[in-house]
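Okay, structure first, notes after.
Small disclaimer: the values here were computed from a predicted structure and weren't measured. Residue numbering restarts at 1 for every chain, and letters A, B, ... go by the order of the sequence lines.
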Amino acid sequence: MRYWLMKTEPGEFGIDDLAARPGQTEHWDGVRNYQARNMMRDEMKEGDGVLFYHSNCDVPGVVGIAEIAREAYPDFTAFDPDDKHYDPASKPEDPRWFMVDVRFVRKLRRTIALSELRDRPELAGLALVRKGNRLSVMPVSPDQWNFILSLE
DNA sequence: GCCAACGTTGGC
DNA sequence: GCCAACGTTGGC
C-alpha cells in the first residue's frame, strides 16, 4: 500500500463535497500533467491512502483523508468539447489522460496548514514544500504520512 | 534541438 | 491582484 497527496481547489471541489457524494466517492478528473498522470495511471492502487489537500484558498493545507476507490481509467472529460479540460489530442480509442476514483475516509479535526509543513526537516523531501512545486498529485512516504498526521 | 513566448499554478 | 516557477508550444 502506498500513500499520496492530491490537491484540489475547495472553491471547485473540496473535502465536504467529497463527503456529500453518493457513496462518498468521486472521479478525479482534469489532471493534465504528464508526471501526475503517470503516477495515477501506473502506480496508484485501490486502497492506497490519500492526503486531501486544499490549494488556492485562505489556508492551503491538508484537510482530510481519502483512499483510492478505483484504479486508473480514461478521463472522459478530455473527450467533451464543452468541458473545461477538453483535449482534442485525447481520443477514446487512444486516451491521453486518465483518472482514478477516490473515496472519503475522514476529515481531519483541523487543517494542517502548508505553513506548518514548511521547514520541517521530516518533510524536506516532500514535493509539496519544495520550491516552485506545482504537481497536483505526489507520492508521500509512510514516514511522511505518519508525521503529517501526527500534527493533527 | 534550442529557446522565446505564452499559459497555468498556486502561495502570498 | 501580483508574480515566481514551471510546463508547453512552435518557429527556426
Side-chain angles (χ1 to χ4, degrees), chain A residues 2-21 26-44 48-68 72-141 143-152:
Chain A
R2 300 189 57 180
Y3 299 103
W4 308 92
L5 181 147
M6 299 174 84
K7 293 181 186 173
T8 180
E9 300 187 18
E12 300 287 327
F13 184 84
I15 188 74
D16 291 325
D17 297 305
L18 179 63
R21 283 289 187 273
E26 180 67 305
H27 53 265
W28 204 269
D29 64 287
V31 172
R32 298 291 180 269
N33 170 281
Y34 289 105
Q35 250 185 294
R37 178 204 67 180
N38 292 348
M39 285 188 276
M40 289 201 302
R41 186 189 59 187
D42 305 334
E43 300 182 51
M44 282 187 179
D48 281 0
V50 175
L51 293 175
F52 198 103
Y53 179 91
H54 281 176
S55 67
N56 251 319
C57 55
D58 286 349
V59 184
V62 177
V63 296
I65 298 174
E67 64 183 7
I68 302 300
Y73 58 105
D75 181 344
F76 50 74
T77 66
F79 309 142
D80 178 1
D82 294 328
D83 194 278
K84 176 178 167 187
H85 301 292
Y86 175 57
D87 180 0
S90 187
K91 308 286 187 191
E93 64 275 15
D94 184 21
R96 173 175 296 191
W97 305 114
F98 289 79
M99 58 187 175
V100 296
D101 288 357
V102 299
R103 179 184 298 113
F104 177 77
V105 175
R106 68 177 179 92
K107 280 180 77 165
L108 300 190
R109 291 188 289 276
R110 66 182 194 88
T111 298
I112 301 173
L114 175 63
S115 58
E116 296 179 63
L117 302 178
R118 287 196 187 286
D119 304 323
R120 289 279 195 169
E122 296 90 341
L123 300 177
L126 183 66
L128 183 73
V129 300
R130 289 210 293 265
K131 190 177 181 180
N133 166 68
R134 288 167 50 193
L135 266 183
S136 61
V137 173
M138 68 190 73
V140 176
S141 74
D143 284 348
Q144 291 165 343
W145 172 277
N146 289 329
F147 178 76
I148 291 170
L149 292 180
S150 77
L151 300 174
E152 183 183 5

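For A/Arg120, the salt bridge (Lys or Arg N to Asp or Glu O under 4.0 Å) test picks out no residue, with sequence neighbours left out. Checked against salt bridge (Lys or Arg N to Asp or Glu O under 4.0 Å), A/Glu122 has no partners two or more places apart in sequence or in another chain. In this structure A/His27 satisfies the ring-ring contact (aromatic ring centres under 6.0 Å, His included) test together with A/Phe76, sequence neighbours excluded. Checked against ring-ring contact (aromatic ring centres under 6.0 Å, His included), A/Trp4 has no partners two or more places apart in sequence or in another chain. A/Arg130 pairs by the side-chain hydrogen bond (donor to acceptor under 3.5 Å, both in side chains) definition with nothing, not counting sequence neighbours.
Nearest-nucleotide assignment on DNA chain C puts the 5′-proximal partner with A/Asn56, out of A/Asn56 and A/Asn133.
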Find every protein N or O atom lying less than 3.5 Å from an N or O atom of nucleotides 4-8 of chain B, and list the pairs.
{"residue": "B/dT8", "atom": "O2", "partner": "A/Arg134", "partner atom": "NH2", "Å": "3.0"}

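Shown are A/Arg32, A/Arg41, A/Arg37; of these, the side-chain hydrogen bond (donor to acceptor under 3.5 Å, both in side chains) with A/Asp75 is made only by A/Arg32.
Listed by first and then second residue, the side chain to side chain donor-acceptor pair (under 3.5 Å) pairs involving residues 87-103 of chain A are A/Tyr34-A/Arg96, A/Glu67-A/Arg103, A/Tyr73-A/Asp101, A/Asp87-A/Trp97 (not counting sequence neighbours). Among pairs with a residue in residues 52-66 of chain A, none fulfils salt bridge (charged side-chain N to carboxylate O under 4.0 Å, His left out), at least two apart in sequence or across chains.
Whole-Å rounding puts the A/Asn33 CG to B/dG10 C1' distance at 14 Å. Rounded to whole Å, atom P of B/dG11 lies 12 Å from atom NE2 of A/His54.
Between A/Lys7 and B/dT9, a side-chain N or O to OP1/OP2 separation shorter than 4.0 Å is absent. The side chain of A/Tyr53 contributes an N or O atom lying less than 4.0 Å from OP1 or OP2 of B/dG11.
If you check residues 118-131 of chain A against DNA chain B, the residues with a heavy atom closer than 4.0 Å are A/Arg118, listed by number.
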